[in-house]
Amino acid sequence: MFSESLTRFHSRSAPSISVLDYLKRIVKFTNVEKTCLLITLHYIDLICSRVPLFTLSSLTCHRFIISSITVSSKGLCDAFCTNSLYAKVGGISVTELNILEREFLSVIDWRLTCTRELLQEYYVNLVRTHSSGNFVIVGSESSTADSDTEMDNPSPPSSPSDTGPRGRPRPSPHETSTILIDPVTIAQDIVTRRPTVEQNMAFAALRESQASSDKGDKGSGS
């Protein structure tokens, strides 16, 4: 239970797969929405505020992440994968994922969503802290043992039919409007951008007007 030092999210030993590679694996095989990844930060703060004894570590992080993705996908997205696929990708059994899902929902008191403004703050702070100046923000207003072994070397899903919906789900209404743009791309776009037809027509009209004005000036001068 969460009132004790050990929780259902604890592994017996730290999985060999890194958290980054684990996230990449989840994104690759579940086609998870970006909003579900971002709101995981909110879940961390929510759980830590409700259960001060809980901490994210190498023993708890992986199970926490797959649980978070499972519940957030169901709460925020119109389409999502089955628990059997989430468990396969996460390197745990379906039974264990079902238990983790219920425990996760209980500890966050079923608060699966947050405000758009709060999600925006998480996004902006995440970019500012970890982008190392590679991106700029546009549109922002504010400046078990068996399962442990499987998680170490998770095998990819064996059947394409388990991957859920064929097409990518529609964007969630909770998804932030802020976007990331590479400054180099912006500069290149400015250099290579060609004038539109309307701009060419306006420019031609301006030149014609200036030519007529010059002729009028010459006629009045003579």
Side-chain angles (χ1 to χ4, degrees), residues 7-47 54-105 107-108 112 119 122-123 126-127 129-132 134-135 144-172 174-176 180:
T7 71
R8 293 189 182 276
F9 296 97
H10 276 79
S11 304
R12 293 188 179 183
S13 59
S16 59
I17 184 172
S18 68
V19 174
L20 178 59
D21 289 340
Y22 195 63
L23 284 169
K24 289 180 178 179
R25 175 180 171 80
I26 293 174
V27 171
K28 178 179 179 180
F29 291 110
T30 67
N31 201 25
V32 62
E33 290 285 345
K34 296 177 181 178
T35 307
C36 298
L37 298 172
L38 183 60
I39 204 171
T40 299
L41 299 175
H42 171 62
Y43 293 157
I44 293 173
D45 287 343
L46 183 59
I47 289 181
F54 176 75
T55 57
L56 277 180
S57 66
S58 59
L59 297 178
T60 61
C61 190
H62 297 75
R63 279 177 168 79
F64 182 93
I65 290 175
I66 193 62
S67 302
S68 174
I69 297 300
T70 301
V71 301
S72 62
S73 296
K74 296 177 181 180
L76 303 179
C77 302
D78 296 330
F80 47 85
C81 303
T82 62
N83 275 24
S84 60
L85 179 62
Y86 287 128
K88 183 77 172 180
V89 174
I92 58 178
S93 67
V94 179
T95 301
E96 183 174 4
L97 180 59
N98 292 339
I99 295 174
L100 291 174
E101 184 179 13
R102 290 193 295 268
E103 189 78 3
F104 194 97
L105 290 169
V107 77
I108 66 173
L112 293 173
L119 202 62
Y122 279 111
Y123 186 81
L126 183 65
V127 172
T129 304
H130 299 287
S131 67
S132 302
N134 293 331
F135 297 95
T144 72
D146 292 339
S147 58
D148 291 345
T149 302
E150 292 174 2
M151 188 175 291
D152 286 341
N153 299 287
S155 57
S158 56
S159 175
S161 60
D162 291 337
T163 58
R166 295 182 179 179
R168 183 174 181 83
R170 294 193 301 270
S172 169
H174 304 281
E175 193 166 359
T176 177
L180 291 179

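Just so you know, these numbers use all the heavy atoms, side chains as well, and skip hydrogens, waters and symmetry mates.
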Could you tell me whether a side-chain N or O of [X] sits under 3.5 Å from a main-chain N or O of [Y], the two making a donor and an acceptor?
X: Tyr86; Y: Ser67; answer: no
X: Ser68; Y: Phe64; answer: no
X: His62; Y: Ile17; answer: yes
X: Thr70; Y: Asn83; answer: no

Atom [atom1] of [X] and atom [atom2] of [Y]: how far apart are they, to the nearest 0.5 Å?
X: Ile66; Y: Ile26; atom1: CD1; atom2: CD1; value: 4.0 Å
X: Ile65; Y: Leu23; atom1: CD1; atom2: CG; value: 4.5 Å
X: Ser93; Y: Ile99; atom1: OG; atom2: CD1; value: 7.5 Å
X: Ile39; Y: Ile44; atom1: CD1; atom2: CD1; value: 11.5 Å
X: Lys88; Y: Leu85; atom1: NZ; atom2: CG; value: 10.0 Å
X: Leu38; Y: Tyr43; atom1: CG; atom2: OH; value: 10.5 Å

Checklist entry - Do we see a donor-acceptor contact under 3.5 Å between the side chains of Thr82 and Ser84? => result yes
Could you check if a side-chain atom of [X] sits within less than 4.5 angstrom of a side-chain atom of [Y], using non-hydrogen atoms only?
X: Asp21; Y: Lys24; value: yes
X: Ile69; Y: Val89; value: no
X: Arg63; Y: Ile92; value: yes
X: Phe54; Y: Val107; value: no

Next on the checklist: Is there a side-chain contact (heavy atoms from CB on, under 4.5 Å) between Leu41 and Tyr123? Walk through the geometry before answering.
Outcome noted: CA-CA 9 Å; Leu41 299 175; Tyr123 186 81; over 6 Å; no
Checklist entry - Which atom names give the shortest non-hydrogen contact between Leu59 and Ala14, and what distance separates them? => result CD2-N, 3.4 Å
Next on the checklist: Give me the atom names and distance for the closest heavy-atom approach of Gly75 to Leu112.
Outcome noted: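 In terms of heavy atoms, the two residues are closest at CA-CD1, 4.0 Å.
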